Visitor: 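The structure under discussion is supplied below as structure tokens; questions concerning it will follow.
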Amino acid sequence: ATPTSIMVGTGRGAENGILIKGGEHLEKAYALKTIVLDKTGTITRGQPSLTDVFITAPDMDERELLRLVASLEKGSEHPLGEAIVKGAREKDTELVDPRGFEAIPGHGVSGQVGDKQLLVGNRRLLASRNIAISAIQDTVEKLEGEGKTAMLVAVNNRAAGVVAVADTVKDTSAEAIRALKEMGIETIMITGDNRRTAEAIARQVGIASQNVLAEVLPQDKAREVNKLKEQGRVVGMVGDGINDAPALATADVGFAIGTGTDVAMEAADITLMRGDLRGVAASIKLSRATMRNIK
Ligand code: ADP
Ligand code: MG
């Protein structure tokens with residue numbers, strides 16, 4: 001495209017809350033055929049809230065389990081941990097500081113609260129410590145089927161219960177994904193969350209279950225984007241989190257959600273200031289119009 005049409009396109013983008021870092025990104029976006037979308041904070045609002053506490057240990061009640069888990073999560077900066085702490089405080093739970101807190105990326109957290117050794121996280125976390133989960137498995141699956149993120153709790157190395165949080169999809173996500181489809185663009189969801197939860201959310205926004213990449217470790221998101229590129233596709237990635245930055249940089253065009261982290265915005269080529277997915281289709285339309293001007 002000519003420098004003038006690029007300038008016009010970039011300016012028009014800015015007027016519509018689409019901040020394009022350089023003309024070359026506007027020139028590339030028209031060719032996008034596949035868009036990878038992060039789940040939490042991109043498709044969903046990214047503000048999970050505590051919904052369920054389930055106890056199986058006979059010597060404890062739900063209130064005590066929540067007190068232990070939320071006390072441990074005081075050490076966490078993860079949105080899931082923050083949701084649990086907030087939910088517990090709203091129920092006037094007295095929290096204490098954990099000892100020996102450790103965050104295990106993509107898995108969960110561990111540490112001591114009082115005289116108890118705690119683990120809170122996904123199946124992978126409990127499996128890595130050889131803790132049997134049969135006592136809580138059905139509850140976990142039921143919660144996940146509702147689109148909730150269920151976190152398994154082990155106390156002193158035994159499965160003791162489950163806490164769940166729910167995040168809601170942005171009311172613009174389904175419409176935005178439909179618009180991309182109408183433009184002939186395939187959408188793929190990527191998340192560290194478990195498959196059942198991810199598919200329940202995907203269903204709500206019209207993404208097919210075979211287009212869900214679930215249980216992807218933070219460091220592997222970029223690799224998944226690269227695999228798609230190696231199949232010869234022109235791939236866009238949309239994300240909001242620190243976790244998403246390498247994948248945003250790997251994609252042919254990286255889109256950051258403007259309400260997300262600075263790290264994501266630095267890694268991306270285009271920032272969607274309005275904070276929702278409609279900006280992706282709008283960016284590609286703008287690119288198509290810009291490129292048409294020169295032909
Ligand atoms: P996401 O893309 O969903 O933010 P992460 O890779 O950060 O994924 O986390 C993957 C999974 O690890 C979560 O779905 C959860 O099961 C578990 N997890 C991560 N952090 C925590 C935490 N602070 N407390 C409990 N579970 C956690
Ligand atoms: Mg996210």
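Keep in mind that what you see is a predicted model, and the values were worked out from it rather than measured. Counting starts at 1 for both ligands and their atoms, following the listed order.
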Visitor: Is the side chain of Thr271 donor-acceptor paired with the backbone N or O of Met273 at a distance under 3.5 Å, no angle test?
Guide: no
Visitor: Can you pull out the closest protein heavy atom to atom 11 (C) of ligand 1? Residue, atom name and distance to 0.1 Å, please.
Guide: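 Of every protein heavy atom, Asn122 ND2, 3.6 Å lies nearest to atom 11 (C) of ligand 1.
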Visitor: Using a 3.5 Å distance criterion without hydrogens, assess whether the side chain of Lys170 forms a donor-acceptor pair with backbone atoms of Gly275.
Guide: yes
Visitor: For Asn243, which part has a heavy atom under 4.0 Å from ligand 1: side chain, backbone, both, or neither?
Guide: side chain
Visitor: So for ligand 1, is Thr149 a polar contact partner (N or O within less than 3.5 Å, distance only)?
Guide: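 N/O-N/O distance under 3.5 Å: no.
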Visitor: List the steps and the verdict of salt bridge (charged side-chain N to carboxylate O under 4.0 Å, His left out) for Glu15 and Arg12.
Guide: CA-CA 5 Å; Glu15 284 163 20; Arg12 197 163 297 156; 5.5 Å; no
Visitor: Short list, please: which atoms of ligand 1 are under 4.0 Å from a heavy atom of Val109?
Guide: 22 (C), 23 (N), 24 (N)
Visitor: Can you find an N/O atom of Asn194 closer than 3.5 Å to an N/O atom of ligand 1?
Guide: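 Min N/O separation from ligand 1 is not below 3.5 Å for Asn194.
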Visitor: Would you say the side-chain atoms of Arg45 and Thr168 include a donor-acceptor pair closer than 3.5 Å?
Guide: yes
Visitor: For residues Glu186 and Asn211, is any side-chain donor paired with an opposing acceptor at under 3.5 Å?
Guide: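 Short answer, yes.
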Visitor: Take a 6.0 Å sphere around CE of Met183 and say whether it holds more than 12 heavy atoms from other residues, nucleotides or ligands.
Guide: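 More than 12 heavy atoms, drawn from other residues, nucleotides or ligands, come within 6.0 Å of this atom.
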Visitor: Tell me: protein heavy atom nearest atom 4 (O) of ligand 1, and distance?
Guide: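 In this structure, atom 4 (O) of ligand 1 has His78 NE2, 3.6 Å as its nearest protein heavy atom.
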Visitor: Suppose we measure from atom 10 (C) of ligand 1 to each protein heavy atom; which comes out shortest, and what is that distance?
Guide: Gly192 O, 3.5 Å
Visitor: With a cut-off of 4.0 Å, which atoms of ligand 1 are near a heavy atom of Ser76?
Guide: 23 (N)
Visitor: Starting from atom 17 (C) of ligand 1, find the nearest protein heavy-atom neighbour and note its residue, name and distance.
Guide: His107 O, 3.3 Å
Visitor: Any chance CG of Leu217 has more than 12 other-residue heavy atoms, nucleotides or ligands included, within less than 6.0 Å?
Guide: yes
Visitor: Do Thr34 and Arg233 meet the criterion of a side-chain donor-acceptor pair at a distance under 3.5 Å?
Guide: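 Distance-only check passes for Thr34 and Arg233.
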Visitor: Using a 6.0 Å cut-off, check whether atom CD of Gln231 has over 12 heavy atoms from anything other than its own residue.
Guide: yes
Visitor: Strictly by modelled atom types, are Ser287 and Thr290 linked by a side-chain donor-acceptor pair under 3.5 Å?
Guide: no
Visitor: Under a 3.5 Å distance rule, please check whether Lys21 uses its side chain to pair with a backbone N or O of Ala268 as donor and acceptor.
Guide: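 Checked: pair present.
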Visitor: Measuring from atom 24 (N) of ligand 1, which candidate in Glu73, Met151, Glu215 has the nearest non-hydrogen atom?
Guide: Glu73
Visitor: Quick one: nearest non-hydrogen protein atom to atom 21 (C) of ligand 1, plus distance?
Guide: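 Among all protein heavy atoms, the one nearest atom 21 (C) of ligand 1 is Gly108 CA, 3.7 Å.
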Visitor: Counting from 1, what ligand 1 atoms have a heavy atom of Pro218 closer than 4.0 Å?
Guide: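 It comes down to these atoms of ligand 1: 6 (O).
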Visitor: Which atoms from ligand 1 have a heavy atom of Thr40 less than 4.0 Å away?
Guide: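 What qualifies from ligand 1 is 3 (O).
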Visitor: Report the C-alpha separation of Arg123 and Glu144 in whole Å, then their side-chain angles, then the decisive distance to 0.1 Å, and conclude whether the salt bridge (charged side-chain N to carboxylate O under 4.0 Å, His left out) test is met.
Guide: CA-CA 12 Å; Arg123 290 177 181 78; Glu144 289 172 348; 2.9 Å; yes
Visitor: Just need the protein heavy atom nearest to atom 15 (C) of ligand 1, so name the residue and atom and give the distance.
Guide: Leu80 CD1, 3.5 Å
Visitor: So, Thr250 versus Asn226: side-chain donor-acceptor pair below 3.5 Å or not?
Guide: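 Not at all, the side chains of Thr250 and Asn226 share no donor-acceptor pair under 3.5 Å.
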Visitor: Suppose I only count heavy atoms of Asp193 and a 4.0 Å limit; which atoms of ligand 1 are within that range?
Guide: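 With Asp193 as reference, the close atoms of ligand 1 come out as 3 (O), 14 (O).
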Visitor: Near the Mg ion (ligand 2), which protein N/O/S atoms fall under 2.8 Å?
Guide: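 The answer, once waters are left aside, is Asp38 OD2, Thr40 O, Asp240 OD1.
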